Amino acid sequence: MDKLIAFFKNIWFRRGVAVAGWGYTLFVVWIAYLSFGYYFDIEKPAPLFVLYLFVNICVMALFILSRKQIITQVNSYVLPPIIFAILIFSFGNWYISIPPIAVMLVVFFVNSSNETLKTVLGTMYLLMFVIGVVGYIGVQIFIGTITFTDVELSKRDTNYEKLSESGEYRIVRYFDTNGDRKLQKYFVETTEDDIKIPMGICKKVRGCKSIHTASYSGLPGDLVEWSVITEDGEKKEVLLVESFVRENPYLVKKIEEDDTSSGNDSSDSSDSSEESDMSGSSDSSDTDMSGDTHQAG
């Protein structure tokens, strides 16, 4: 038992724990990134939350153990802005933001840094959280919902998703209201940037492409479907929007970019040919002038 206590009190062990604490900082940066542009599709919410809570409790214990290390003290001052971003980006999803907030508060108050510095930074961070949250709520009340993903994730139809034949794209639907009308909005998302997490998947939402908006009647049938057409001997995935063929917006953008680059290449080549023509005509005129001079002599 004495050896175990001596091991935990060893200065190099505590320094190692303090360095490992920066792994948690990278972890919350990753959570903030996911909260900013991804939709969390969780298969087993309760077990995942228990796992998430367990990780945060373990990290809190490690921070308490290394509270006297300068590395942990610096870390305690870096965490608040990151966790503030998580709070704002995932506002309302308290199961994501509450555990890191608890870890941040504990490590901030228990670390053994200078009390004056702690008081000054603590006041600044407190104002940041209070003003940020109050401002966020005020904007939502008077202006409308703030979204960082181009769509309101709370209005996503969780039971609607249609993958393309290749699996590279999916059609999703959102419900919205416009006065007394209920609208259904269809978007296309890519699947290549999705991130697999334990017991779920984070689906890339930011940058999704709107393809159709219509009144929702609740009648059976669908307004948007995937289809495949053949052009120049190549299969291409397109959308059938109310029976009309429409290009996949991601593929259209790709084609436009290709056309732009080829247009630049052709303009460059034409500029080169013009320059060569001008230089050629200049050379010929010089030759004629020299020839005339020789004859006159």
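It should be emphasised that the depicted structure is a prediction, and the values quoted were computed from it without experimental measurement.
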Rounded distance [0.5 Å steps], CD1 in I195 versus NZ in K203:
13.5 Å
For the hydrophobic clusters of this structure (ILVMFWY residues joined by side-chain heavy atoms under 4.5 Å, transitively), does one cluster hold both V172 and F40?
no
Check step by step if side-chain contact (heavy atoms from CB on, under 4.5 Å) holds for S215 and L183.
CA-CA 4 Å; S215 297; L183 302 177; 4.2 Å; yes
If you measure from CG on L87 to OG on S97, what distance do you get to the nearest 0.5 Å?
5.5 Å
Pick out which of E242, Q184, K185 makes a side chain to side chain donor-acceptor pair (under 3.5 Å) with H212.
E242
Heavy-atom donor-acceptor pair, N248 side chain to V238 backbone, under 3.5 Å
no
Heavy-atom nearest pair, S166 first then E237, reads N-OE2, 2.7 Å
Please check if the number of heavy atoms outside M124 that lie under 6.0 Å from its CE is greater than 12.
no
List in chain and number order the residues that pass salt bridge (Lys or Arg N to Asp or Glu O under 4.0 Å) with K155, two or more places apart in sequence or in another chain; answer none if no residue qualifies.
E152, D176
Are L105 and V103 grouped together when hydrophobic residues (ILVMFWY) are joined by side-chain heavy atoms under 4.5 angstrom apart?
yes
Any side-chain heavy-atom pair from C202 and D194 closer than 4.5 angstrom?
no
So side-chain hydrogen bond (donor to acceptor under 3.5 Å, both in side chains) across residues 52-66, not counting sequence neighbours, yields Y24-N56, S66-T72
Rounded to the nearest 0.5 Å, the CG atom of L48 sits from the CG atom of L53 at a distance of 11.0 Å
With distance as the sole test, does N114 use its side chain to make a donor-acceptor pair with the main-chain N or O of L117 at under 3.5 Å?
yes
How about K162 and V224: do any of their side-chain heavy atoms sit closer than 4.5 Å?
no
Heavy-atom closest contact (L223 atom, A214 atom, distance):
CD1-CB, 3.6 Å
Cationic N near anionic O, under 4.0 Å, K235 to E165:
no
Show, in sequence, the C-alpha distance, side-chain angles and deciding distance for R14 and Q69, and conclude whether the side chain to side chain donor-acceptor pair (under 3.5 Å) test is met.
CA-CA 7 Å; R14 297 197 176 193; Q69 304 302 312; over 6 Å; no
Tabulate below the donor-acceptor pairs under 3.5 Å that side-chain atoms of residues 27-37 make, not counting sequence neighbours, or state none.
| from | atom 1 | to | atom 2 | distance (Å) |
| --- | --- | --- | --- | --- |
| Y33 | OH | Y38 | OH | 3.4 |
| S35 | OG | I31 | O | 2.8 |

Does the side chain of R156 reach to within under 4.5 Å of the side chain of V151, using non-hydrogen atoms?
no
Verify side-chain contact (heavy atoms from CB on, under 4.5 Å) between V110 and F63, making sure each step is shown before the conclusion.
CA-CA 9 Å; V110 303; F63 277 139; 5.9 Å; no
Heavy-atom distance under 4.5 Å between the side chains of R173 and I171, does that happen here?
no
Looking only at non-hydrogen atoms, find the nearest pair between W226 and V188 and report the distance.
CH2-CG1, 4.3 Å
Can you name the nearest heavy-atom pair linking P99 to F49, along with the distance?
CG-CE1, 4.3 Å
What side-chain donor-acceptor pairs closer than 3.5 Å can you find for residues 74-82, not counting sequence neighbours?
| from | atom 1 | to | atom 2 | distance (Å) |
| --- | --- | --- | --- | --- |
| N75 | OD1 | T25 | OG1 | 2.5 |
| N75 | ND2 | G21 | O | 3.2 |
| N75 | ND2 | T25 | OG1 | 3.2 |
| S76 | OG | Q73 | O | 2.5 |
| S76 | OG | N111 | ND2 | 3.3 |
| Y77 | OH | S113 | OG | 2.3 |

Please find the pair of heavy atoms, one from T123 and one from T119, that lie closest to each other, and give the distance.
OG1-O, 2.8 Å
Taken to the nearest 0.5 Å, the spacing of M128 CE from L126 CG works out to 9.5 Å
Using the side chain to side chain donor-acceptor pair (under 3.5 Å) rule, take T191 and R170 through it: C-alpha gap first, then chi angles, then the decisive distance, then the call.
CA-CA 7 Å; T191 61; R170 59 173 168 262; 5.3 Å; no
With hydrophobic residues grouped by side-chain heavy-atom distances under 4.5 Å, do Y250 and I211 end up in a single group?
yes
Shortest non-hydrogen pair, G132 vs I88, comes out as O-CD1, 4.2 Å
Tracing side-chain contacts under 4.5 Å among Ile, Leu, Val, Met, Phe, Trp and Tyr outward from Y216 reaches F175
As a quick check of understanding, evaluate side-chain contact (heavy atoms from CB on, under 4.5 Å) for I101 and I86, giving each step before the final call.
CA-CA 9 Å; I101 289 175; I86 294 177; over 6 Å; no
Check whether any side-chain N or O of K204 sits under 3.5 Å from a backbone N or O of E189 as a donor-acceptor pair, and report yes or no.
no
Are Y136 and V133 connected in a single hydrophobic cluster, I mean Ile/Leu/Val/Met/Phe/Trp/Tyr linked by side-chain heavy atoms less than 4.5 Å apart?
yes
Gap separating the CD1 atom of I83 from the CZ atom of F129, nearest 0.5 angstrom
6.5 Å
With ring-ring contact (aromatic ring centres under 6.0 Å, His included) as the rule and sequence neighbours excluded, what pairs involving residues 176-209 come up?
Y160-Y186, Y174-F187
Any chance you could measure W12, atom CH2, to R15, atom CZ, to the nearest 0.5 Å?
4.5 Å
Hydrophobic cluster identity match, Y169 and I229, side-chain contacts under 4.5 Å:
no
